[in-house]
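Here the structure is a predicted model, which is why all the values come from computation and not from measurement. Counting convention: from 1, in listed order, for ligands and their atoms alike.
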Amino acid sequence: MTDFTQFPSSFTWGVATSAFQIEGGASADGKGPSIWDTFSHTPGKVIDGSNGDIACDHYHRYPEDVSIMSGLGVDAYRFSMAWARVQPQGKGAWNEAGFAFYDRLLTELESKGIAAHVTLYHWDLPQGLQDEGGWLNRDTAYHFAEYAAEVARRFGNRLKTIATHNEPWCTANLGYGNAQFAPGVADLKQSIQVSHHLVLSHGLAMSAMRKVGSSAQLGIVLNQWTADPATDSAADIAAAEFEYSRSVEWFMDPIFKGKYPELALKVHGDNAPEVQDGDLAIAHQKIDFLGVNYYFRAFCSTETPPRQPECKLGKTDMGWEIFPDGLTELLLKLHAAYELPPIYITENGMANPDTIVNGEIPDEARIDFVQRHLKALNDARLQGVNIQGYFLWSLLDNFEWNSGYAKRFGIVHVDYATQKRTLKHSALWYKDYLVQQRPQRTAHAA
Ligand code: FCB
């Protein structure tokens, strides 16, 4: 696919990562353990038996990584802060050395003119809070708001955006629903209660950060998909409607409408969350931007075994269907249903079984994937959806949660034995593409 679409010159082009997946420095300079430290050190939880102790060693190599970004010519970098690095127990004392790391990182980004987009919570809850019940304990939402306010106080004016959560759907459904992610609980009722505490914590953090006041735009990042019935049977159609309601509307409705969606609430029945008076009013407050992470659609089949999609464009190394049309459809659907703030696509990309061939990494499949998704998002943009930017997941190959280092999402290859970074073809393509998008600017020197 070689279509070239010109985006507005104000469009933000970025790359994304998250703390646990790249930083390493698991106990450096007073950092406390997080639930992902605990989980990944528990035998059997991560497919390749790996952990995040060193990861991409970004904690020490951040100047090189920022320099790579600068060489690519990106406008913006989306990363997350490790809560346990700046507040080892998740409550109580702050760790100045932890804040100093993010201060150094921000200084480095500023020196290269790269805007910082920060996520406060990308799944690495301080273990100290997990020991008190984690997200199942309502108090965690209040501790989160204190942490959010402290970050806004210290760094707010240096950050372009602050997202409260990354993909609360995953925290609830994979962390508490099917035990695939930390803390490894499989209990539907608990997962739904956790999702409510996450929604509440988002609202509490928004209020706390607004009170501090800063120039950062405040919002949240949600992973979303369209849900298609596998056949036109009534059962598959109902399954698809429920899937969209329990996954997309479940997080969008409280934030944008101050209520949970009726369909999901009804199907959840006795598993519906305990919601205290005023919780939904806290959740329902203006956000300055919405981050959308898009990887695939949901394909809903009630047959056993479930019917699989045709996958006309193939699958990624995660086994995820490549379905760019779903991105257009999703954005149009959201646009029709909600009064949306500006949207950033905060993650999109693919895992590919990349290998080094004569010193190069020819990941043409990834280039094709990104081009198709950019076209799909531009289709939505041309139909009126206000999309301000795109962040490719990911800058670096990294620790892909329970898949460990076996899945490579980076546009930059990481040799974990030597920590050598090598630009893949997709990185070289992205760099050229950004030059084409902004002919008035030249890529920064690496
Ligand atoms: C998203 C996560 C991100 C990464 C990608 C592949 O769900 O936010 O950390 O794992 O998937």
Evaluate the criterion side chain to side chain donor-acceptor pair (under 3.5 Å) for residue pair His196 and Asp279; output intermediate values, then yes/no.
-> CA-CA 9 Å; His196 176 64; Asp279 284 2; 2.7 Å; yes
Results of salt bridge (Lys or Arg N to Asp or Glu O under 4.0 Å) for Asp236 - residues two or more places apart only =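 Once residues adjacent in sequence are excluded, Asp236 has no partner under the salt bridge (Lys or Arg N to Asp or Glu O under 4.0 Å) criterion.
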Closer than 4.0 angstrom, basic N to acidic O: yes or no for [X] and [Y]?
X      : Y      : answer
Arg297 : Glu329 : no
Asp37  : Lys31  : yes
Arg154 : Glu150 : yes

Between the protein and ligand 1, which nitrogen or oxygen pairs come in under 3.5 Å, and how far apart is each?
| from | atom 1 | to | atom 2 | distance (Å) |
| --- | --- | --- | --- | --- |
| ligand 1 | 7 (O) | Glu167 | OE1 | 2.5 |
| ligand 1 | 7 (O) | Glu167 | OE2 | 3.1 |
| ligand 1 | 8 (O) | His122 | NE2 | 3.3 |
| ligand 1 | 8 (O) | Asn166 | ND2 | 3.0 |
| ligand 1 | 8 (O) | Glu167 | OE1 | 3.3 |
| ligand 1 | 8 (O) | Glu167 | OE2 | 3.4 |
| ligand 1 | 8 (O) | Glu347 | OE1 | 3.1 |
| ligand 1 | 8 (O) | Glu347 | OE2 | 3.0 |
| ligand 1 | 9 (O) | Gln21 | OE1 | 2.7 |
| ligand 1 | 9 (O) | His122 | NE2 | 2.8 |
| ligand 1 | 9 (O) | Trp401 | NE1 | 3.0 |
| ligand 1 | 10 (O) | Gln21 | NE2 | 3.4 |
| ligand 1 | 10 (O) | Glu400 | OE1 | 2.7 |
| ligand 1 | 10 (O) | Glu400 | OE2 | 3.2 |
| ligand 1 | 10 (O) | Trp401 | NE1 | 2.9 |

Centroid-centroid distance, Tyr405 to Tyr416, less than 6.0 Å =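 Between Tyr416 and Tyr405, which both carry aromatic rings, the centre distance is below 6.0 Å.
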